[in-house]
Amino acid sequence: MRSFSTLSRRSPITNPFKHPPAQHLLDEMPHRDAHAPRLNALLSAHVRNNHPTSALLLFLHMHRHNIPLDGFTFNPVLSACPTLPAAGFRLGYQLHSLMFKRGCLSEPIPATSLLNMYSKCGFFDDAVNVFDEMPERDVVSWNALLSCYIHHGHSQLTINAFFSMVQTGIEFTGFTLSTVLTACSSSRSLVQGLQLHALAFIFGYHNSLVIATSLIDLYSSCGMITQAMQVFTGLNSPKDTAMRNALITGLVQSQKYDDAFALFAQTTPNAVAFTSVLTACSDLLNLEHGKQIHCTALRRDFTSDTILCNVLVRIYAKCGDIHSAHSTFVMIDNKDVISWTSIIDAYGSQGCGLEALNLFKEMESEGSVLPNAVTFISVLSACGHSGLIDEGIKYFNVMKNKYGIDPEAEHYACLIDMLGKGGRIEEAWEVYGGVVKEGKLSSGVCVAMLNGCKVCMDLRRGEIVAKHMMELGDEDKAGVYVLLSNFYAGIGRWKGAEEVRKVMEDRGLRKEVGSSVIAICW
DNA sequence: TTAGGGTTAG
């Protein structure tokens, strides 16, 4: 492990005290040991004013000069850690080690700061270990644990931990309720969400803007937009931006687009509101409306917002304007994995597989963003659309071996689809067999394999796949029968196709009628 | 001095 002195020497940080008043204060301090509280206050000021590097260097200076370090010293430095990309995980571990030596871990406040640092830096297990080893926990420690769970996508753990917290006898706060409501919303846990709504009412938190916003999000996520609107209208106090945005998003999710646009028009929208209504344009494939909002976003100077631009890339791509999608993508200053995935998918779905692969290579060489499982679905799908089978197999292996991503059903479906469509039925069947063995079979995998069997006129295998599809118990039973019927028809087994249709009719199954949307602009 | 709500990709 590197020492602090080594860290400071090698660090790319070159200007330790770029804020003259801070340096001046330090220079003017003749007896620094006696002034540790003032230095701690200075540390906090650096963090509050968004100068984490200065905070770290002041901390290193204090450590080097044997100035007493306590909870008040560690808290601001720990909160600065997640914003210090150059520091890396070693800094967090070194701080943890120092806190242990100074006996700070027995106090709930610095221990909670440590938990939070690990959580925000992506070290879930370390964060939970800190909580487990805390000799004393207050309500904020519990709230930090709940936030850690939700931050790492463990909604059910959040809900369970809340009930453990209550059983322990800790009195929850509004912070607790809003965090657990977010977990209920993410996991669509309506029953527990309703219980929390009742608790919020009993304990008088229902008029809190934050709680009401969480409730709007909960009801919207559970498809109960009327209840979400009731929470919104039922609040007596003035609504804030986040709350209005929560309802705009809920209305978009519920496909109440006109209501969403109307509420948007009544507000002074920020980038989040713009993103929500752009999502509506994307759903509606309404390019003209999307362009108008893009222009307004430009005038309001919101186009440095990565999330907003990601939606714009999607709209242009979905509406077939690949050039605008690309020019929007190029203008994104801080491209994230969704920006890259969206533009790869844009080219791939237009049949421009080579361009999609070139973008993937560019993403790799640029190096600031790592591809994830979704990126590889876009890459594999791009290969499939363009018949780049060997490239597809290569990237399937790159995903596993280079990036350590375990293939999910969707990846297998892409692989089987491209092999089947390309007439490589034996290889597709081998992959399919592996998926069955692993217990990862999904309707998507079956559909891909069935289509491959259709292309290769392979009745025997097709019927095995059809049996698997039935056993999966897919909710869209009618869809399964239609696919099976089409399979028989596709290989010229008209009698089989007819029999399947007859079974459908006897069982009263009807395939939901497809629909299309067009936007008419006056 | 520690903790909470609204936005994007398959």
Chemist: Nearest to the side chain of A/D336 - B/dT8, B/dG5, B/dA9?
Modeler: B/dT8

Chemist: Taking any heavy-atom pair under 4.0 Å as a contact, classify A/T182: base, sugar-phosphate, or nothing.
Modeler: sugar-phosphate

Chemist: Below 4.5 Å, heavy atoms only, C-beta onward: do A/Y432 and A/V445 meet side chain to side chain?
Modeler: yes

Chemist: Look at the side chain of A/S276 and decide which nucleotide, out of B/dG6, B/dA3, B/dT7, has an atom nearest to it.
Modeler: B/dT7

Chemist: Among B/dG10, B/dT8, B/dG4, which is the nearest nucleotide to the side chain of A/S208?
Modeler: B/dG4

Chemist: Check the angle between the aromatic planes of A/F274 and A/F264 and answer parallel, tilted or perpendicular using the 30° and 60° thresholds.
Modeler: perpendicular

Chemist: Using a distance-only criterion (donor-acceptor N/O pair, under 3.5 Å, no hydrogens), is the base of B/dG5 paired with the side chain of A/T213?
Modeler: yes

Chemist: Counting heavy atoms from C-beta on, name the nucleotide in B/dG6, B/dT2, B/dG10 closest to the side chain of A/N116.
Modeler: B/dT2

Chemist: How are the rings of A/F201 and A/H206 set relative to one another: parallel (under 30°), tilted (30 to 60°) or perpendicular (over 60°)?
Modeler: tilted

Chemist: Rounded off to whole Å, could you give me the CG-to-C1' distance for the A/L146 and B/dG5 pair?
Modeler: 15 Å

Chemist: To the nearest angstrom, how far is A/I170 atom CD1 from B/dA3 atom C1'?
Modeler: 13 Å

Chemist: A/V337 has a side chain; which of B/dG6, B/dG4, B/dA9 sits nearest to it?
Modeler: B/dA9

Chemist: Separation of A/I248 atom CD1 from B/dG5 atom P, in whole Å?
Modeler: 19 Å

Chemist: So which nucleotide from B/dT8, B/dA3, B/dG5 ends up closest to the side chain of A/I338?
Modeler: B/dT8

Chemist: Within the 4.0 Å heavy-atom criterion, would you say A/T179 contacts the bases, only the backbone, or no part of the nucleic acid?
Modeler: sugar-phosphate

Chemist: Would you classify A/L278 as touching base, sugar-phosphate or nothing, given that sugar-phosphate means primed atoms plus P, OP1 and OP2, and contacts are heavy atoms under 4.0 Å?
Modeler: nothing

Chemist: In terms of ring plane angle, is the pair A/H63 and A/F59 parallel, tilted or perpendicular, where the classes change at 30° and 60°?
Modeler: parallel

Chemist: Looking at B/dT2, does its base get a donor-acceptor pair with the side chain of A/S113 below 3.5 Å?
Modeler: no

Chemist: Any side-chain heavy atom of A/F261 sitting closer than 4.5 Å to one from A/I293?
Modeler: yes

Chemist: From the set B/dA3, B/dT7, B/dG10, return the single nucleotide nearest to any side-chain atom of A/V140.
Modeler: B/dA3

Chemist: To the side chain of A/I109, which of B/dA9, B/dT2, B/dT7 is closest?
Modeler: B/dT2

Chemist: Looking for any heavy atom pair under 4.0 Å, which part of the strands does A/G174 touch: base, sugar-phosphate only, or nothing?
Modeler: base

Chemist: Taking atom C1' of B/dG5 as reference, at what distance in whole Å does atom CG of A/L196 sit?
Modeler: 14 Å

Chemist: State, with a plain yes or no, whether a side-chain heavy atom of A/L235 is found less than 4.5 Å away from one of A/N207.
Modeler: yes

Chemist: Check every strand shown and say whether A/N270 touches a base, only sugar-phosphate, or nothing at a heavy-atom separation below 4.0 Å.
Modeler: base

Chemist: Just compare B/dA9, B/dT7, B/dG4 and give me whichever is closest to any side-chain atom of A/T249.
Modeler: B/dT7

Chemist: Is A/R314 close enough to B/dG10 that one of its side-chain N or O atoms is under 4.0 Å from OP1 or OP2 there?
Modeler: yes

Chemist: Do A/S178 side-chain and B/dG4 base share a donor-acceptor contact under 3.5 Å?
Modeler: yes

Chemist: Would you indicate what A/V374 reaches in the nucleic acid, counting non-hydrogen atoms under 4.0 angstrom: base, sugar-phosphate, or nothing?
Modeler: base

Chemist: Using a cut-off of 4.0 Å on non-hydrogen atoms, how would the nucleic acid contact of A/T279 be classed: base, sugar-phosphate, or nothing?
Modeler: sugar-phosphate

Chemist: In terms of side-chain heavy atoms of A/D345, which of B/dG6, B/dG10, B/dT8 is nearest?
Modeler: B/dG10

Chemist: Who are the salt bridge (charged side-chain N to carboxylate O under 4.0 Å, His left out) partners of A/R244, not counting sequence neighbours?
Modeler: none

Chemist: How long is the line joining CD1 of A/I211 and P of B/dA3, in whole Å?
Modeler: 17 Å

Chemist: Rounded to the nearest Å, what distance is computed from the CZ atom of residue A/F274 to the C1' atom of nucleotide B/dT8?
Modeler: 16 Å

Chemist: Roughly, in whole Å, what's the span from CG in A/N310 to P in B/dT7?
Modeler: 15 Å

Chemist: Would you kindly give the CG-to-P distance between A/L380 and B/dG10, to the nearest whole Å?
Modeler: 15 Å

